[in-house]
Amino acid sequence: MSIRENLANIRQRMREASLRSGRASDSARLIAVTKSANPEQVLELYECGQREFAENRVQDALRKIELLPEDVVWHMVGHLQSNKVNKVLGRFEMIHSLDSLKLAGILSQKSRDREFRTSLLLEVNCSGDSDKSGVLPGDAEEFALSLQDYPGILLRGLMTIGPLGGGERGAREAFRLLREIRDRIRARNAPGLLLEELSMGMSEDFEIAIEEGASMVRVGRSLFETRE
């Protein structure tokens, strides 16, 4: 399948997953992760109508930002090191990987210095995998509430990565847990915490994520793998 055919197939599967779960057909957005794509493939996907893209590494993202037109919306989905904060501010619509108060403080202060607010998602390790980043589920609620004290940032929602090798059941449990954490935080009615976004689901499990409430799915490999 070509990149165009991959995109059409994924969008159709997203619509069907939304309808199966009683949601509007356009309830989840596709974020195209370009980690495994070369510049020609990224441009081809853009020409097919995709406008939201993401990268895992700052340097790779900056090269691709220069490649694509200005109407592209970029997301940072990989782990963000403190020493890379200056390079990402103002270049991304949203950072999906906030995982420490230290990073929150740096992002807040540097955003205030530039007189804007940076939109973030709190990464939660819902799978229990020791090699994954993210705050623990039991700490996520208080962590999120504490971000009200950081005026340079805006918490827009939560993010998680499904368990490696957990199958459908493991993925569904992780995604359901993230949604439940979000709902508990919302119930606290904390001012300034919008929490309208749930970023979860990748190539192997994005349909399950949508059924469990994802507003954004991060798909890379399934978009760019082509075959005759």
Side-chain angles (χ1 to χ4, degrees), residues 23 27-29 31 54 56 73-86 88-163 170-202 209-218:
R23 304 170 66 193
S27 60
R29 309 196 318 273
I31 311 298
N56 291 67
V73 174
W74 281 94
H75 299 252
M76 171 53 62
V77 297
H79 178 70
L80 178 60
Q81 297 175 322
S82 299
N83 61 1
K84 299 292 179 64
V85 166
N86 283 328
V88 305
L89 289 181
R91 309 300 297 272
F92 296 90
E93 173 74 13
M94 196 175 299
I95 297 170
H96 290 227
S97 50
L98 177 65
D99 60 359
S100 73
L101 288 177
K102 176 184 176 183
L103 180 60
I106 295 171
L107 285 164
S108 176
Q109 183 59 56
K110 291 185 178 293
S111 298
R112 292 179 67 193
D113 291 344
R114 300 190 187 195
E115 298 183 342
F116 62 74
R117 298 180 79 185
T118 297
S119 292
L120 302 169
L121 300 181
L122 174 60
E123 182 174 0
V124 184
N125 187 344
C126 291
S127 67
D129 293 344
S130 59
D131 59 339
K132 285 188 172 67
S133 300
V135 302
L136 296 175
D139 299 332
E141 186 174 342
E142 293 305 320
F143 188 109
L145 293 170
S146 72
L147 296 178
Q148 295 173 97
D149 299 327
Y150 295 81
I153 59 179
L154 179 63
L155 185 65
R156 298 277 301 278
L158 308 178
M159 183 274 263
T160 198
I161 300 172
R172 194 173 297 280
E173 289 176 350
F175 300 149
R176 184 175 298 152
L177 175 59
L178 192 73
R179 187 188 73 236
E180 292 170 349
I181 293 169
R182 190 274 309 273
D183 291 347
R184 289 199 298 270
I185 299 169
R186 274 182 167 177
R188 301 282 289 270
N189 295 317
L193 298 183
L194 300 180
L195 298 180
E196 77 274 26
E197 303 287 6
L198 285 179
S199 172
M200 54 191 192
M202 298 190 291
I210 291 172
E211 291 170 357
E212 293 299 333
S215 64
M216 295 185 284
V217 294
R218 311 178 304 274

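- Taking CE from Met76 and CD1 from Ile95, the interatomic distance works out to 7.5 Å, rounded to the nearest 0.5 Å.
- Between Leu101 and Ser146 there is a side-chain heavy-atom pair separated by less than 4.5 Å.
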Steps toward side-chain contact (heavy atoms from CB on, under 4.5 Å) verdict (Val124, Leu122):
CA-CA 6 Å; Val124 184; Leu122 174 60; 4.3 Å; yes

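- Shown are Arg182, Arg156, Arg29; of these, the salt bridge (charged side-chain N to carboxylate O under 4.0 Å, His left out) with Glu196 is made only by Arg156.
- Of the inter-residue distances, the one linking Arg184 atom CZ with Leu195 atom CG reads 12.5 Å to the nearest 0.5 angstrom.
- Using a 4.5 Å cut-off on side-chain heavy atoms (C-beta onward), Ile31 and Val73 make no contact.
- Shown here for Val77 and Ala54, the closest heavy-atom pair between the two residues is CG1-CB, 3.7 Å.
- Using a 4.5 Å cut-off on side-chain heavy atoms (C-beta onward), Phe175 and Leu198 make no contact.
- Scanning both residues, Asp99 and Ser133, for their nearest heavy atoms gives OD2-CB, 3.7 Å.
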Give the intermediate values and the outcome of side-chain contact (heavy atoms from CB on, under 4.5 Å) for residues Glu180 and Glu212.
CA-CA 10 Å; Glu180 292 170 349; Glu212 293 299 333; over 6 Å; no

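- Between Ala140 and Ile181 the shortest heavy-atom distance is CB-CG2, 3.8 Å.
- The structure places CD of Glu197 at 3.5 Å from OG of Ser215, a figure rounded to the nearest 0.5 Å.
- The distance from atom CD of Glu93 to atom OG1 of Thr118, rounded to the nearest 0.5 Å, is 11.0 Å.
- Pairing each heavy atom of Gln148 with each of Ala190, the nearest pair is OE1-CB, 3.5 Å.
- With Glu211 as reference, Arg172 is the one residue of Arg176, Arg179, Arg23, Arg172 to meet the salt bridge (charged side-chain N to carboxylate O under 4.0 Å, His left out) rule.
- Side-chain polar atoms of Asp113 and Ser111 form no donor-acceptor pair below 3.5 angstrom.
- Using a 4.5 Å cut-off on side-chain heavy atoms (C-beta onward), Leu147 and Leu98 make contact.
- The heavy-atom pair separating His75 from Met216 by the smallest distance is CE1-SD, 4.0 Å.
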Decide yes or no on side-chain contact (heavy atoms from CB on, under 4.5 Å) for Tyr150 and Leu107, but give the supporting numbers first.
CA-CA 9 Å; Tyr150 295 81; Leu107 285 164; over 6 Å; no

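- Counting only heavy atoms from C-beta outward, the side chains of Ile161 and Asp129 never approach each other to under 4.5 Å.
- The side-chain heavy atoms of Arg114 and Asn86, taken from C-beta on, include a pair separated by under 4.5 Å.
- A donor-acceptor contact closer than 3.5 angstrom is absent between the side chains of Glu123 and Ser97.
- Residues Phe143 and Leu155 form no side-chain contact, since every pair of their non-hydrogen atoms from C-beta on lies 4.5 Å or further apart.
- One distance of note links CZ of Arg117 with CG of Leu154; it measures 4.5 Å at 0.5 Å rounding.
- Residues Arg112 and Pro151 share a closest heavy-atom pair of CD-CG, 3.6 Å.
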